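As the structure is a prediction and not an experimental result, all values here were calculated from the model.
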Amino acid sequence: MVNLPDQRRAALDVGCGRGELLAALSPHFASVYGNDVDEEMRRAAASRSAGLPNVTIHHGFWGDLSGPFDLVTMIAVLHHLDVAEALEQVRRVLTPGGRFLAVGLAPAKSAVDHAWDVASIVANPVIGFVKHPWPSLQGPQPPPFPVADPAIAFDELRARVVEVMPGAVMRHQLGFRHTIAWTKPA
């Protein structure tokens with residue numbers, strides 16, 4: 001939430017899943033739109049945001065939303081999409097001064113990638129215990145959302161991102177993740 005843009009008329013969460021981020025963004029924006037290709041996820045997001053009058057769940061291609069948006073988010077979604085097309089769509093629908101914030105996945109290819117993976121291997125059990133100190137009585141469960149393995153390595157993805165979004169910042173994070181932050185020039 002500390003990375004939200006100053007202007008907060010409309011936000012779009014691409015691949016909104018069960019709607020957790022929509023609910024978190026709702027108090028900060030006049031309108032919040034969620035989109036997900038999975039019908040079950042859209043139903044869950046609609047149910048979660050039923051009491052939030054400024055939240056709309058969109059069915060169909062998110063690029064068809066005319067916008068403009070002051071914020072576009074993608075959490076573990078970009079690797080499911082055609083990266084070049086998705087980045088171009090984000091750039092098109094963002095207002096000048098609008099922000100693109102993403103959390104993504106990329107396979108480890110470089111020595112730096114592998115070092116971050118080692119750090120994540122060490123940190124993940126600790127983070128998991130802090131967040132979920134009691135074991136699940138149900139045992140391991142399959143993820144409730146569509147899963148796809150990422151194919152584009154961090155360095156290659158960064159080159160593609162910077163090509164479409166000059167000045168974008170990509171950073172490795174723990175948890176086998178990376179972040180992308182870009183503000184569209186005014």
Inspect the surroundings of CG in D6 and state if more than 12 heavy atoms from other residues, nucleotides or ligands are less than 6.0 Å away.
no
Sequence neighbours excluded, the answer for side chain to side chain donor-acceptor pair (under 3.5 Å) partners of T183 is R99
Closest non-hydrogen contact found for P125 with S120 is CD-O, 4.4 Å
Check your understanding: So L71 and L12, side chain to side chain contact (heavy atoms under 4.5 Å, CB included) or not? Walk me through it.
Key -> CA-CA 6 Å; L71 175 69; L12 169 63; over 6 Å; no
- Can you check whether F29's main-chain N or O pairs, donor with acceptor, with N54's side chain at less than 3.5 Å? yes
Is the side chain of N35 donor-acceptor paired with the backbone N or O of G60 at a distance under 3.5 Å, no angle test? yes
R92 side chain vs G63 backbone, donor-acceptor pair below 3.5 Å: yes
| task | For the pair H28 (side chain) and R8 (backbone), establish whether a donor and an acceptor sit closer than 3.5 Å, ignoring hydrogens and angles. | result | no
- prompt: Under 4.5 Å between side-chain heavy atoms, hopping through other hydrophobics if needed: is there a path connecting L21 to V103?
  reply: yes
### Message
I'd like to know whether L157 forms a side chain to side chain contact (heavy atoms under 4.5 Å, CB included) with L78, so could you lay out the CA-CA distance, the side-chain angles of the two residues, the decisive distance to 0.1 Å, and finally the verdict.
### Response
CA-CA 10 Å; L157 180 60; L78 189 56; 4.2 Å; yes
Practice prompt. List the steps and the verdict of side chain to side chain contact (heavy atoms under 4.5 Å, CB included) for R158 and E156.
Written response: CA-CA 5 Å; R158 179 177 28 218; E156 182 183 345; over 6 Å; no
> With a 4.0 Å cut-off, would you call D70 and R9 a salt bridge?
Replying inline: yes
ask   = W182 side chain to P166 main-chain N or O, any donor-acceptor pair under 3.5 Å?
value = yes
ask   = Taking R42 for the side chain and V37 for the main chain, is one N or O donor matched with an acceptor at less than 3.5 Å?
value = yes
Shortest non-hydrogen pair, A76 vs L105, comes out as CB-CD1, 4.4 Å
Assign the ring pair F154 / H172 to parallel, tilted or perpendicular, where the plane angle (0 to 90°) is split at 30° and 60°. parallel
- Residue pair H178, R171: steps toward the side-chain hydrogen bond (donor to acceptor under 3.5 Å, both in side chains) verdict: CA-CA 5 Å; H178 62 264; R171 290 193 171 101; over 6 Å; no
Notebook entry, point to check: Can you check whether M165's main-chain N or O pairs, donor with acceptor, with R91's side chain at less than 3.5 Å?
Noted result: no
| message | Check for me, please, whether L94 and V77 land in the same ILVMFWY cluster - side-chain distances under 4.5 Å, paths through other members count. | response | yes
key: Side-chain touch L52/L22, heavy atoms, less than 4.5 angstrom   = no
Evaluation steps, side chain to side chain contact (heavy atoms under 4.5 Å, CB included), between D36 and W62: CA-CA 8 Å; D36 204 294; W62 64 273; over 6 Å; no
OG1 (T73) and CG (D13) are apart, to the nearest 0.5 Å, by 3.5 Å
In short, A123 meets L174 closest at the heavy-atom pair CB-CD1, 3.9 Å
Query - Validation row: T56, V32 side chains within 4.5 angstrom (heavy atoms) - result: no
| Exam field: side chain S49 to backbone A45, donor-acceptor pair closer than 3.5 Å | yes
- Is the F69 ring parallel, tilted or perpendicular to the Y33 ring (thresholds 30°, 60°)? perpendicular
#### Entry: Backbone N/O of H114 and side chain of D117: donor-acceptor pair under 3.5 Å
no
Worksheet item: Below 4.0 angstrom, N of the basic side chain to O of the carboxylate: do E163 and R160 qualify?
Response: no
query: Are the side chain of K109 and the backbone of A153 linked by a donor-acceptor contact shorter than 3.5 Å?
result: no
